[in-house]
4 protein chains.
Amino acid sequence: MHQSRVPVHPSRRGRTRSEAARAAILQATRDELIANGYDKLSVDRIAAAAGAGKQTVYRWYPAKSALVADCIIGGYLLADFAEVPDSGDVRLDLRNWVRAFAGYSGQPGTSPVLRAAAAAAAESDEVAARMYEHVTSVAEAALSDRLRAAGHAGQLPDGSPVATLLSQAIIGAVLYRILTRLPLTADFADALVNSVCGGSQPPAASAQLAPGPAGR
Amino acid sequence: MHQSRVPVHPSRRGRTRSEAARAAILQATRDELIANGYDKLSVDRIAAAAGAGKQTVYRWYPAKSALVADCIIGGYLLADFAEVPDSGDVRLDLRNWVRAFAGYSGQPGTSPVLRAAAAAAAESDEVAARMYEHVTSVAEAALSDRLRAAGHAGQLPDGSPVATLLSQAIIGAVLYRILTRLPLTADFADALVNSVCGGSQPPAASAQLAPGPAGR
Amino acid sequence: MHQSRVPVHPSRRGRTRSEAARAAILQATRDELIANGYDKLSVDRIAAAAGAGKQTVYRWYPAKSALVADCIIGGYLLADFAEVPDSGDVRLDLRNWVRAFAGYSGQPGTSPVLRAAAAAAAESDEVAARMYEHVTSVAEAALSDRLRAAGHAGQLPDGSPVATLLSQAIIGAVLYRILTRLPLTADFADALVNSVCGGSQPPAASAQLAPGPAGR
Amino acid sequence: MHQSRVPVHPSRRGRTRSEAARAAILQATRDELIANGYDKLSVDRIAAAAGAGKQTVYRWYPAKSALVADCIIGGYLLADFAEVPDSGDVRLDLRNWVRAFAGYSGQPGTSPVLRAAAAAAAESDEVAARMYEHVTSVAEAALSDRLRAAGHAGQLPDGSPVATLLSQAIIGAVLYRILTRLPLTADFADALVNSVCGGSQPPAASAQLAPGPAGR
DNA sequence: GAATAATCGAGACGGTACGTCTTGTCTTACT
DNA sequence: AGTAAGACAAGACGTACCGTCTCGATTATTC
């Protein structure tokens, strides 16, 4: 997948590429995505909305799917969930992370874009790889690191595979609910963390948590 | 979503709709899906391969996504994972279920189709609802029932929400690995179940863990 | 071209064919022709408008073009111009014939149908043959007979070829003006007859005729 | 003194339209027309044969009938019959003109195209107007001019209407024979001119009519 | 009368073409 | 060289129509 945002030679012959055009294109892509969804995306419409020529779009991105991938990767779609703070209480931290994501996904226009990301990943191996590399694996690693630390601290079963698989289970559950249109509520966040981390949860720590009934 | 396989009035006026044509269309869709993937699906090609006219395709299905949905729902794509046998050992049963799915997804042509299902669900609310209703919610319920039984048996934390969320976490983890192209191996199956069900602790430890948590 | 209006065996087994249906089909064809023109003709619409099934249409007529041909031949389109009365004055008789045709073609809905006849003849050799046989050759013969009689009477140059060619010239001129949308007025009728019969016109006879300025 | 130059295309922005593509489309249309006739014309086939996209066809021509019209107007179909030479003998000149047309129409592939022109004109008012403007009215005017000159020379009845109507009668007779599939022979050409221009009357009769010297 | 058979309206069928839309490339003139 | 505009080849879309086939229902004739 082509990606050369920074010119190799800062001063080269001819007109310099317009970052403004690129930003406008990504913004227009996001708008189109929210308005029409992934399958109705039209490069013509994006270019027109961005006030750019089609060639400019294709100069930056080799294909529509790459454009969508960059739109997501470039932070135009997903806020940063690469950080899982360590407060000492892993369940609290995970809960907050999932709650943050749930809150983010509840903002208008966000769900269509997340589903577009899923659709793009489903359709193209390259996009999937690129998106995994820059987005999901980052979140997965952040969760995994936090879980590993918790394992060392005795809050959870120790071991790298467990941390990795739990991370994937958490992200997967979120993904599943996005695709099935099940709501991502704060209650869901709590219940999810309680469930997947609940097996070895010390009763004391359990008491600390607000149980809040899980939405379906 | 259009769906009228069973005539409401057994004595319709015109020629009866050909179930054979419908079956041929679904079969051709499956073949196309395996060969080219969801985004390259062509109704022209499907109709030609099925020996059907395009109008016949559109008489049965209003859009490509609905066709794919019916292809999956109709059992043309997903073998039956609606059953989770109860051997008494929930971890064993879940492991076997995930292993079976992993093995199924490893068959040639299956992954593209599963990704197509994800893409179709991502693109259309209606298809997502229809697919959830007939496919994923069925698997989810099967897993959930088994987990609930395990909760009653004291093998896992009790409570309906826990069973539901663990089911979604398991399905979600599988979905996540399908979309990210991470391999679904038997080892993955084992590690996933161990992780979300509280590690591979011996039955004694298991008994230790589940004294009946705080409610639900 | 298939044509079996009269059953070979007046009493055969089974239900008798409905002449009412056939008449309704021709009437609906005429209406469609006037409303939409020849190229927009739809057998589906004709059948629906006639309250008939498509098969009934195709039981009577092998194809759309044959239907149009029969519609015209059967008198649903063209009134009878097979008669050229003989008053003794050939110019007067021709003038009246052309005037009658001009008047007929000026009736609402007639021109589209005449043009449809031309289009049908242009597109199909069979239809052209059938239409020539039943319609134009009849008119041509009627004109030709009258002209031949005039030749014998010394009013025009004698000879069969002259009569035939003049007939074709008269019909052709009318056809030309229909296709080019030039108006068919009474003045045109007079001027046409004066022009093509004018070469050997005795001055006395000329004075008898109202010259009336020819519309273009 | 400055002469402000106005470019024909005052700086159009995008790629210039390809006249080559247009020519290829017209050529392919002509070939299709000869091969299959007007009603079997397929824009898909034309585009494929021209090596052009369908959109390019529709960018130039709004509909099939307009394409056919341009094909004819552009000289791809009708050789030039806009000239009627003046040898002094009007019957000779007309005879030659009709003979030339008869010869042209006898060439293989010409008749289907002429009938297509008639069908296109019959089906569309716009096409009829366009075709009359560029093709038939030109021929009509050429004949008319020659006839008017003959009128002034005393070879025929004088008067503009007579010239016009005779022209229309000649073209109409030719059109009639094309649509009815009657052959256009040299004999027909001679007989037609003789008939509409007052028969093959002997020079004496001719002298009677035309006081001016008829000869050369 | 009962059986048989051709017709009827209705409408699905396999095909073909339509005219539109979209993709990714290419070609203009302008900056 | 980069840019906005937009034409280009290719090909899928969803609709319309053709002429055929198949329904259940409706007349007729023949047994």
Side-chain angles (χ1 to χ4, degrees), chain A residues 7 12-18 20-21 40-45 47-48 50-59 61-64, chain B residues 9-18 20-22 40-48 50-60 62-64, chain C residues 7 9 11-18 20-21 40-48 50-59 61-64, chain D residues 7 9-18 20-21 40-48 50-64:
Chain A
R12 50 178 168 168
R13 270 172 46 157
R15 188 169 173 177
T16 42
R17 290 219 225 162
S18 161
K40 300 272 177 59
L41 262 194
S42 155
V43 177
D44 286 80
R45 266 198 303 274
K54 273 175 73 174
Q55 195 57 257
T56 304
V57 176
Y58 282 101
R59 197 172 293 117
Y61 307 101
K64 189 168 70 168
Chain B
H9 300 295
S11 66
R12 292 223 287 112
R13 253 317 251 259
R15 182 175 177 173
T16 41
R17 293 229 232 160
S18 162
R22 188 171 160 272
K40 300 273 178 56
L41 264 192
S42 155
V43 177
D44 286 80
R45 267 198 302 274
I46 288 172
K54 275 174 75 170
Q55 197 63 255
T56 303
V57 177
Y58 284 103
R59 198 173 290 119
W60 285 102
K64 193 166 69 167
Chain C
H9 300 294
S11 65
R12 54 179 164 164
R13 239 155 98 143
R15 187 170 175 173
T16 39
R17 289 223 221 160
S18 161
K40 300 271 178 58
L41 260 196
S42 154
V43 176
D44 286 79
R45 265 199 304 273
I46 289 172
K54 275 175 74 172
Q55 194 61 257
T56 304
V57 176
Y58 283 101
R59 199 172 291 117
Y61 307 101
K64 191 168 70 166
Chain D
H9 300 296
S11 72
R12 287 229 290 114
R13 261 307 255 248
R15 182 174 177 173
T16 39
R17 291 230 232 161
S18 162
K40 299 273 178 59
L41 261 194
S42 155
V43 177
D44 286 79
R45 267 198 303 273
I46 289 171
K54 276 173 75 171
Q55 196 62 255
T56 303
V57 176
Y58 284 103
R59 197 174 291 118
W60 285 102
Y61 305 101
K64 194 165 68 168

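Computation of the quantities below employed the complete heavy-atom set of this structure, encompassing side-chain atoms and omitting hydrogens, waters and symmetry-equivalent molecules. Chain identifiers are assigned alphabetically (A, B, ...) following the order of the sequence lines, protein sequences preceding nucleic acid strands; residue numbering begins at 1 within each chain.
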side-chain contact (heavy atoms from CB on, under 4.5 Å) partners of C:R15, counting only residues at least two apart:
none
Tell me: CG of C:D44 to C1' of F:dT20, nearest whole Å?
12 Å
Please tell me which of the listed nucleotides, F:dA12, F:dC18, E:dG24, lies nearest to the side chain of A:A63?
E:dG24
A:V57 and A:K54, any side-chain heavy atoms less than 4.5 Å apart:
no
Report all interatomic pairs (protein N or O, nucleotide N or O of nucleotides 5-7 of chain F) with separations under 3.5 Å.
residue, atom, partner, partner atom, Å
F:dA7, O4', D:R15, O, 3.4

Between the side chain of D:R59 and the main-chain N/O of D:R17, is any donor-acceptor distance below 3.5 Å?
no
Need one value for B:I46: base, sugar-phosphate or nothing, where a base atom within 4.0 Å counts as base even if backbone is also close, heavy atoms only.
nothing
Backbone of B:K40 reached by a side-chain donor or acceptor of B:R45 within 3.5 Å:
yes
What pairs with C:A50 under side-chain contact (heavy atoms from CB on, under 4.5 Å), at least two apart in sequence or on another chain?
C:A24, C:I25, C:A28, C:A52
If you compare every side-chain N and O of D:S42 against the phosphate oxygens of E:dC18 (OP1, OP2), does one of them come in below 4.0 Å?
yes
Output the rounded distance in Å from OH (A:Y58) to C1' (E:dC26).
13 Å
Quick one: pull up NZ in C:K64 and OH in C:Y58 and give me the separation to the nearest 0.5 Å.
8.0 Å
With nearest nucleotide decided by heavy atoms, which residue, D:A50 or C:L41, maps closer to the 5′ end of DNA chain F?
D:A50
Given DNA chain E, 5'-ward residue of the pair C:A21 and D:K40, judged by closest heavy atom
C:A21
